[in-house]
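As structure tokens, the structure follows; a few thoughts come after it.
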Amino acid sequence: MPTNSSSPYLPFGENKNAAWYGKDIISVKQFSRADLEYVFGVAQQMRGMVERVGTFDLLKGKILANLFYEPSTRTSSSFTAAMERLGGSVIPINEVKYSSVTKGESLADTIRTLECYTDVIVLRHPETGSAAIAAKAAKKPIINAGDGVGEHPTQALLDTLTILEELGRLDDLNVTLLGDLKYGRTVHSLARLLSQFSNVKLNYVSPDILKMPQDVVEEVGAKGVSQTEYSALEEILPTTDVLYVTRVQKERFEDLSDYEAVKGAYVINPEIMKAAKEKMIVMHPLPRVNEISADFDDDPRAAYFRQMEYGLYARMALLAMVLGKA
Ligand code: CP
């Protein structure tokens with residue numbers, strides 16, 4: 001591991017020349033195909049280390065602020081686990097109602113405060129663009145853990161890692177995104193990332209009011225990716241390699257009657273999955289409500305619980321990268 005010999009005050013030897021040292025992770029647009037392959041390689045090494053030794057001291061002495069303005073189970077706890085597996089520690093602020101945010105403190109000031117005490121900040125916030133605002137205020141790295149209906153870049157990185165690990169490739173894939181494509185930030189980020197790969201076909205299956213936003217369609221289309229909209233899953237399921245299911249997000253609807261009209265539009269169950277390939281995977285960023293029935297969970301194609309574990313390795317890789325240890 002390279003060390004910085006110019007300062008005696010860097011006992012753990014960050015490599016300040018590493019490509020991702022000190023960088024924010026705000027959008028998947030920051031990642032080239034080569035960057036993605038690098039992240040996957042580091043994540044695979046992290047998996048090996050966790051399997052061999054569990055916890056190790058790569059980030060010993062480093063502190064992460066986990067700042068969540070919206071609920072989270074997976075992202076919050078996997079970043080905590082990632083930091084602790086790497087020997088670092090975490091300041092968890094999962095309930096901003098117990099912080100000075102309730103006294104009217106701005107996001108920028110909260111970020112400036114936390115960076116006095118920490119080395120990296122993970123932020124989830126309900127407003128699109130909030131991670132970029134935080135990054136502007138901060139000198140330390142900000143990692144976007146979901147900004148409103150905007151992006152969820154670390155989810156897309158773990159999603160692509162999952163596809164690579166489960167199917168052995170990211171080229172030549174027929175990927176079907178199902179459900180709430182309008183508000184689902186995970187599918188916005190995933191569609192953008194998959195557009196880096198060759199011969200990927202994206203199929204969008206959603207209710208009319210929850211279609212993939214036009215800006216994402218245009219951006220992905222500009223990369224030459226084939227995109228087709230379907231209203232019935234049956235039309236595309238038999239040729240699908242990856243079925244990515246999303247929850248219809250009640251909390252994003254202004255008019256709850258719209259939510260009620262579409263909430264049960266698609267439900268994956270063993271009967272429907274009879275039409276799918278034997279070698280394919282079903283993914284979901286989770287939490288699910290009822291869009292995948294529990295009696296499908298034991299099917300080997302159900303990859304959504306394994307997907308969560310890949311998230312640990314992807315987030316370990318990202319923390320090590322921005323802190324100059326990979
Ligand atoms: N996938 C995901 O972001 O889950 P959480 O909302 O539980 O973090």
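Quick caveat: nothing in here was measured; it's all calculated off a predicted structure. Counting starts at 1 for both ligands and their atoms, in listed order.
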Counting from 1, what ligand 1 atoms have a heavy atom of [X] closer than 4.0 Å?
X: Leu286; answer: 1 (N), 2 (C), 4 (O)
X: Thr73; answer: 5 (P), 7 (O), 8 (O)
X: Gln155; answer: 1 (N), 2 (C), 3 (O)

Review point. Are any of the N or O atoms of His152 closer than 3.5 Å to those of ligand 1?
Key: yes
Exercise for review: Check whether any side-chain heavy atom of Arg306 sits under 4.5 Å from a side-chain heavy atom of Glu165, and report yes or no.
Suggested key: no
Review point. Do Ile25 and Trp20 come within less than 4.5 Å of each other through their side chains, counting heavy atoms only?
Key: yes
Check your understanding: To the nearest 0.5 Å, what is the distance between CZ (Arg247) and CD1 (Ile292)?
Key -> 12.5 Å
Point to revise | Approximate separation, where rounding is to 0.5 Å, of Tyr244 OH and Leu177 CG | key: 8.5 Å
Which residue and non-hydrogen atom of the protein lie closest to [atom], and at what distance in Å?
atom: atom 6 (O) of ligand 1; result: Arg124 NH1, 2.9 Å
atom: atom 4 (O) of ligand 1; result: Arg74 NE, 3.1 Å
atom: atom 1 (N) of ligand 1; result: Pro285 O, 2.8 Å

Point to revise | Salt-bridge present (Asp241, Lys277; N to O < 4.0 Å) | key: yes
Exercise for review: May I ask you to check whether over 12 heavy atoms, not counting those of Tyr117, lie within 6.0 Å of atom OH?
Suggested key: no
Name the atoms and distances for all side-chain donor-acceptor pairs under 3.5 Å in residues 223-232, with sequence neighbours left out.
| from | atom 1 | to | atom 2 | distance (Å) |
| --- | --- | --- | --- | --- |
| Gln227 | OE1 | Tyr204 | OH | 2.6 |
| Gln227 | NE2 | Val217 | O | 2.9 |
| Glu229 | OE1 | Lys211 | NZ | 3.3 |

Review point. Under a heavy-atom criterion of less than 4.0 Å, does Glu70 contact ligand 1?
Key: no
Review point. Any heavy atom of Met308 sitting closer than 4.0 Å to ligand 1?
Key: no
